[in-house]
Amino acid sequence: MMSYFHADRIVIGGQVLVGGWLRSDDGWIGEIGSGKVPSNSHYLGELLLPGFVDIHCHGGAGHSFTDGAAAAQEVAEFHLHHGTTSMLASTVSTAIPELIDQIHELAAHITGCQNQPIKGIHLEGPFLSSEYRGAHKESLLREPEPSLVAQLLAAGPISMV
């Protein structure tokens, strides 16, 4: 379905279109312009920005991505409501079996929900330097053994380690 939207200003490609409008074709931006606003367009407000991309997010709305599928859904909805259209769900260092369970649960959520911002998983640990571990427990850190890395990568859509 084709729809038109307009805003007082649209930020796109490093510029600001004053009196901007856009055409949406089945949820995708088909065209952006400025000037005469199509008569059947919907007003979106003073300012329209591209969606935010967050590649390091542990949660939101009082939840962590590692709190289970229902929590992951609430986190995703919270960030989507605040303008984040694409994100990676970040984990923290934990025991390997538990980390694999978390990856499986997040993978099922990502696959099962079409219109949500979680696009992949960011493993923050366990392959960290103990010198720069931040809040990670040193006892949970490991060297990146090839078989272990392969096991974690096979568990789900890991986008960043």
Side-chain angles (χ1 to χ4, degrees), residues 1 3 5 7 9-17 22 24-30 32 44-161:
M1 183 170 84
S3 302
F5 302 91
R9 296 182 315 273
I10 296 179
V11 177
I12 186 74
Q15 61 181 332
V16 178
L17 301 177
L22 67 84
S24 171
D25 299 326
D26 295 321
W28 294 92
I29 296 175
I32 297 176
L44 296 176
E46 293 181 23
L47 184 63
L48 179 63
L49 300 164
F52 300 116
V53 176
D54 191 342
I55 63 170
H56 185 163
C57 180
H58 290 280
H63 301 287
S64 167
F65 281 117
T66 58
D67 291 341
Q73 180 64 34
E74 285 189 43
V75 173
E77 289 173 4
F78 173 81
H79 284 281
L80 188 59
H81 178 76
H82 289 89
T84 301
T85 57
S86 300
M87 65 191 320
L88 299 181
S90 298
T91 63
V92 294
S93 296
T94 191
I96 298 303
E98 186 177 339
L99 186 57
I100 290 173
D101 288 346
Q102 290 173 358
I103 294 167
H104 285 149
E105 194 158 6
L106 284 168
H109 173 77
I110 292 167
T111 308
C113 300
Q114 295 299 320
N115 293 322
Q116 53 87 29
I118 305 170
K119 305 303 180 194
I121 299 169
H122 163 220
L123 291 184
E124 185 179 346
F127 312 122
L128 299 171
S129 164
S130 61
E131 186 177 349
Y132 301 104
R133 70 182 186 277
H136 295 261
K137 292 180 183 175
E138 188 169 12
S139 63
L140 296 171
L141 303 181
R142 305 178 63 124
E143 290 293 320
E145 303 162 19
S147 63
L148 180 55
V149 172
Q151 186 180 5
L152 291 171
L153 293 176
I158 308 299
S159 301
M160 183 170 70
V161 179

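Note: hydrogens, waters and symmetry copies are ignored here, and every other heavy atom, side chains too, is used. Remember, predicted model here, so these are calculated numbers, not experimental data.
Not one N or O on the side chain of Glu105 forms a donor-acceptor pair closer than 3.5 Å with the backbone of Gly68. With His63 contributing its side chain and Val75 its backbone, the two residues share no donor-acceptor pair below 3.5 Å. For the pair His82 (side chain) and Phe78 (backbone), a donor-acceptor distance under 3.5 Å is present. With hydrogens and angles disregarded, a donor-acceptor distance shorter than 3.5 Å links the side chain of Ser90 to the backbone of Cys57.
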**OP:** With side chain to side chain contact (heavy atoms under 4.5 Å, CB included) as the test, would you mind laying out the steps for Met87 and Val53 before giving the verdict?
**Re:** CA-CA 6 Å; Met87 65 191 320; Val53 176; over 6 Å; no
Original post:
Could you walk me through whether Ser93 and Leu141 pass the side chain to side chain contact (heavy atoms under 4.5 Å, CB included) check?
Top reply: CA-CA 7 Å; Ser93 296; Leu141 303 181; 3.6 Å; yes
**OP:** May I have the step-by-step check of side chain to side chain contact (heavy atoms under 4.5 Å, CB included) for Phe65 and Ile118, ending in yes or no?
**Re:** CA-CA 10 Å; Phe65 281 117; Ile118 305 170; 3.4 Å; yes
Subject >> From CA spacing to verdict: side chain to side chain contact (heavy atoms under 4.5 Å, CB included), Leu48, Leu22 >> reply: CA-CA 10 Å; Leu48 179 63; Leu22 67 84; 3.3 Å; yes
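Leu152 places a side-chain heavy atom less than 4.5 Å from the side chain of Phe127. Counting heavy atoms from C-beta on, the side chains of Ile10 and Leu49 never come closer than 4.5 Å.
Between the CD atom in Gln116 and the OG1 atom in Thr85 there is a gap of 11.5 Å [rounded to 0.5 Å]. Rounded to the nearest 0.5 Å, atoms CD1 (Ile96) and CG (Asp101) are 11.5 Å apart. Put simply, CD1 on Ile103 and OG1 on Thr66 are 11.5 Å apart, with the number rounded to the nearest 0.5 Å. To the nearest 0.5 angstrom, Ile12 atom CD1 is 4.0 Å from Ile32 atom CD1.
Closest of all the heavy-atom pairs between Leu99 and Val92 is CD1-O, 4.2 Å. Closest heavy-atom contact between Ala155 and Ile100: CB-CG2, 4.2 Å. Closest approach of Gly59 and His79 over heavy atoms only: O-NE2, 2.9 Å. Contact record, Gly156 with Ala107: CA-CB, 4.1 Å, taken as the closest heavy-atom pair. The minimum heavy-atom distance between His109 and Ala69, with the atom names listed, is ND1-O, 4.1 Å. For Asp25 against Gly30, the heavy-atom pair with the smallest separation is OD2-CA, 3.4 Å.
In Ile55, the CD1 atom is not crowded: 12 or fewer heavy atoms of neighbouring residues, nucleotides or ligands sit closer than 6.0 Å.
Applying the salt bridge (charged side-chain N to carboxylate O under 4.0 Å, His left out) test to every pair with at least one member in residues 121-141, sequence neighbours left out, gives these pairs: Arg133-Glu138. The list of salt bridge (charged side-chain N to carboxylate O under 4.0 Å, His left out) pairs with a residue in residues 139-161, not counting sequence neighbours, reads Arg142-Glu145.
Remark: of the listed residues Thr91, Val161, Ile158, Leu88, Leu88 is the sole one forming a side-chain contact (heavy atoms from CB on, under 4.5 Å) with His122.
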